[in-house]
Amino acid sequence: MKRIYKVLPIVLVGCLTAASCSSDWDDHYDESGISLAEGSDVVIYNGSVADYIGSAADLNKMDELFKSNDIYTTTRAEGQYTFIVCPDDRYDESKITDEKAFAEQCVADMAVNPSKLTDGSNINTRSGKSVWVYDGGKQLDDYAITKVVKTTNGYIYYVDGTIPVRQSAYELLKSLGDDYSRFKELVTSYDYPYFDRENSQPIGVTDDGRTIYDSVIVTKNTLMDRYDEDGTATWNMRSESFTTTMFIPNNTLIDNAVKAAMDSIPLWLNREATEADREKFEEWIVKACFADKRLDPSAVSAGAPDFKCVGGYKEIVDETSDLTTYDDVEAAWWRPSVQTVDAANPVSLSNGVAYYCTNFKIPNHIVIYRVKSRFYELWNAMDKEPELKNTYFRWTNWVDPLVVNDAQGQFDLVANTGGTVTTNSQWPSILYNVLTAIPSESAMENGATCSVDYDGIVVSNDNRVHECHLPAGEYYLRMGFKHSLLYSLSIAFNDRWLVKDMNMHATGSDFHFDRGAASPVPHYGEETGVAYPEGFDVDYWQKLNDKAIAYDTDGYTVGVVTLEKSGNFHITVESTDMARIYKAALDSGAVLNRDKNNVNQLMMYHWCLRPTHNNY
C-alpha cells in the first residue's frame, strides 16, 4: 500500500516555532495504526478544520454546504471534530435529499483518530446517524478513504463519493411497500411503546406526590431486542450504535414458506397443523431475518457457509410482580444456499445492510422439533392388531417380548409451593414402563447373538400406530433403557453401527430411561445437552419442582445419524453376551422373574430423533 505523508508549509513554520509539535502529533496520531486505501494521502495542517476546508480548492461545494447550514458556527477552534468530505468532482447532488441532514451527517463532535478506525466501528454524527467503518479501516460507508487531514481541532476524511443519509434497518422496514407488508407486520407486531424514564424530564409533581414527566416514549421489540444476561443492551435494529443485516422476504415468499411448513406436519409428525405451529414459524421468520453484523455479499451468496443470526438474551417483563428478567434466545440458522438473496444489489443502511430475498424456507429442524416414541406405548397400541408386532419388530434369538410396568415410579410434574402440591394439565405424568425380552433356549445353549430390528413407528393421540416419514437429513439419535443392565448392547441406525458392545452397567445413569440428558456430557465426540419437550419452560418449573430438569427429555445421545433419503428408517439393537450372562444367572440358581428387578433381560424404554441445525 502506498502512503503519502504531506506536511503543508504552514505546518513547517509551526514546528519551527513550537517544539511541542512533534510530541503533540505522537500523542494524538499513531502512524503505525494507519491503514488507508492504496494511494491515499495523510496531511498535517496547522489550522482549524474550517480553515482547511475553506482554503481547499477541491472542497468548494462542501465548504458552501457547511456555510449554508451553519455547521461552522457550531464548530469551535478549541473543540475536537471529525469531518467527512468528498471532493467537488465526486459531489453528487442527486444523492442529497435533505441538505441540512446531509451536512450534519458529515460532522461528528469528536476527533476520531485514523488509528481508531477499526472494521465494524462507527462514527456518530450530528445528524444522529452513524457512518460505519469497513474494509479494515480503509472505507467509510461504501466509499474508500482517499486522504486524511489532521488539523488543530480534529480530522478531515476525504472519501471518493457522496455518502447519502441512509435509512436505518428499522426505517427501511417501516417504509416497505405493500409487497412486503407481511414481513413488516410480523416484525412490528412485537413492537411496543416504552416510557424512557432516564431521558424524560421531570416537570412537576401531582397533589399526591407523583412526578410528572415531559415523557420520552421510545419503541422496543419484545422478540428481537437483545441484551446480555445482566440486562445491558447488545443489539436492536433501530439503534445507530449496533450493526444490522436485514433479510427482506416479500409476501409471496413468506406465505409459500409457511404453507410448505404447515403442509409437512401431517406427513412428518402424523398430526394436523395448528395455529400454534403457524405462530412458531412466523416467529422464526422474524428471528432469522436479522443478523447483528454487516454481512457483505460474499457472506450471503449461495456458496457461503451457514451462519447464526442474532442471538443473546431477550427482556421479559412481569408486570404483575414488576420484575424484569433476561432469557437466553436460541439464534436462528441461515443457510445461504437455501435462503437465497439478491446479493448483487445490497441496500446500504445507516446501521448496516439489507438484502431482498429471492427464495425462503422454514428449515426442517424448525418444522420438526423432535420425534419421540416409547416402546411400551407402541407395543400396547399394537395389541388390537397383533400381526403388526411381527411386521415392525423383527426378533432374532430374543423371545417372549412383553411390557413390564413401573420399572421406576412415575414422574408427576407438580408444583410444590408452600407445602401445597398443585397438579398441572399441560404436562402429563411420565410412566417408566419398558419393553422386555429374554434369550431363547437355543441362544443360551450356543451363546448366540440376540437382536431386534425395528422400524420407525409412533403412536398418535388416538392410540393408532403410524410409520414415520421424515425428511432426509441429519438427526441426533437418543435412546433410553433401564439403567444398570448387566450386559452389552450394540446399536445401529439404517445398518450403520453407532456403538458396539457398549457395557450397559458401566454407563451408569447415561441411558437411565429418558433422563440421561439431564446434564451436558461428552459422548463419542459429541457434546450433548438437555433437550425438553417443545414449549417446556424448565427455568419456570424448576422454581416449583427441583426435579423438573429431568422431565421428558430426549434421552442420551447414541450418535448423530443421517437419513439419506426421505421416508422411514430402522434401528437395530443387539447383544453378543446377554444369552451367556442370562444362562449363567439361571445356572447359579437365580430366579429371573419378568419384572423390573430382572436386569439380565432386555429392557428398552424409548428412542428419539431430533434434527440438528444442519437438517435444513
Side-chain angles (χ1 to χ4, degrees), residues 169-170 172-173 175-189 223-224 237 244-269 273 277-311 330-349 352-369 469-475 562-566 611-616:
Y170 189 71
L172 175 58
L173 172 75
S175 71
L176 291 173
D178 292 343
D179 288 346
Y180 300 91
S181 59
R182 288 275 286 123
F183 179 60
K184 179 163 59 176
E185 288 166 4
L186 288 176
V187 178
T188 58
S189 67
L223 178 64
M224 294 307 298
M237 70 187 76
T244 296
T245 296
M246 179 168 64
F247 301 108
I248 307 174
N250 62 32
N251 297 347
T252 301
L253 289 175
I254 289 176
D255 291 341
N256 288 346
V258 172
K259 183 179 186 303
M262 297 286 280
D263 289 347
S264 297
I265 287 177
L267 178 64
W268 295 348
L269 300 179
D277 293 313
R278 181 183 298 276
E279 290 172 7
K280 178 179 79 167
F281 301 150
E282 291 177 342
E283 178 179 303
W284 181 87
I285 289 171
V286 177
K287 291 168 64 177
C289 284
F290 294 91
D292 55 352
K293 59 181 71 69
R294 189 183 196 268
L295 297 170
D296 63 32
S298 64
V300 298
S301 297
D306 298 1
F307 57 84
K308 282 186 177 182
C309 300
V310 63
E330 184 176 356
W333 282 91
W334 186 272
R335 175 164 291 179
S337 61
V338 175
Q339 318 288 16
T340 58
V341 301
D342 184 2
N345 293 289
V347 180
S348 292
L349 304 171
V353 66
Y355 296 92
Y356 285 91
C357 298
T358 55
N359 189 66
F360 198 69
K361 181 185 188 292
I362 310 296
N364 296 344
H365 66 262
I366 298 300
V367 180
I368 303 171
Y369 183 78
H469 187 104
L470 297 177
E474 188 178 80
Y475 298 83
T562 300
L563 191 60
E564 298 293 345
K565 61 180 182 178
S566 298
T612 73
H613 70 80
N614 292 323
N615 194 326
Y616 218 84

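Side chains are part of it too, since the values below use all heavy atoms of this structure and drop only hydrogens, waters and symmetry mates. Since the structure is predicted, the reported quantities are computational estimates derived from the model, not experimental observations. For reference, positions follow the sequence shown, starting with 1.
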On a heavy-atom basis, the closest approach of Glu330 and Lys287 is O-NZ, 3.4 Å

Got a second to check how far Phe307's CZ is from Thr245's OG1, nearest 0.5 Å? 7.5 Å

Which value, rounded to the nearest 0.5 Å, describes the distance between Asn251 atom CG and Asp178 atom CG? 8.0 Å

Nearest 0.5 Å please: distance from the CG atom of Asn250 over to the CG atom of Asn256. 9.0 Å

Is there a side chain to side chain contact (heavy atoms under 4.5 Å, CB included) between Ile362 and Ile285? Walk through the geometry before answering. CA-CA 8 Å; Ile362 310 296; Ile285 289 171; 3.8 Å; yes

What distance separates Cys309 SG from Met246 CE, expressed to the nearest 0.5 Å? 13.0 Å

Can you tell whether the side chains of Lys259 and Asp263 come within less than 4.0 Å, N to carboxylate O? yes

Strictly distance-based, threshold 3.5 Å: is any side-chain N or O of Thr340 a donor or acceptor partner for the main-chain N or O of Asn359? yes

Atom CG in Leu295, atom OH in Tyr355: separation rounded to 0.5 Å? 6.5 Å

Would you call the rings of Trp284 and Phe360 parallel, tilted or perpendicular, where under 30° means parallel and over 60° means perpendicular? tilted

Could you report the tightest heavy-atom contact between Leu172 and Leu349, atom names first, then the distance? CD2-CD2, 3.7 Å

What is the minimum heavy-atom distance between Pro346 and Pro297, and which atoms define it? CG-CG, 4.3 Å

Would you check if there is a donor-acceptor pair between the side chains of Tyr616 and Gln339 at a distance under 3.5 Å? yes

Measure the OG-CG distance between Ser566 and Leu267 for me, rounded to the nearest 0.5 Å. 8.5 Å

Donor-acceptor contact below 3.5 Å, side chain Thr612 vs main chain Asn614: yes

Please give me the minimum heavy-atom distance between Ala169 and Met237, naming the atom from each residue. CB-O, 3.7 Å

Check: Thr358 main-chain N/O paired with Asp342 side-chain donor or acceptor under 3.5 Å: no

Note: Leu176 and Lys184 closest approach over all heavy atoms is O-NZ, 2.9 Å

Can you give me the closest heavy-atom contact between Pro336 and Ser301, atom names plus distance? CB-O, 3.1 Å

Any side-chain heavy atom of Ser189 within less than 4.5 Å of one from Val286? no

Could Glu282 and Arg182 be called an ion pair, given the rule that one side-chain N must be under 4.0 Å from one carboxylate O? yes

Do side-chain atoms of Asp292 reach the backbone of Gly311 as a donor and acceptor pair under 3.5 angstrom? no

For the aromatic rings, using the six-membered ring if either is Trp, is the centroid distance between Tyr356 and Tyr180 under 6.0 Å? yes

Mind checking whether Pro363 and Trp333 have side chains closer than 4.5 Å, heavy atoms only? no

Within the 4.5 Å heavy-atom criterion, are Ile248 and Val347 side-chain neighbours or not? no

Under 3.5 Å, is there a donor on one side chain and an acceptor on the other for Asn364 and Asn615? yes

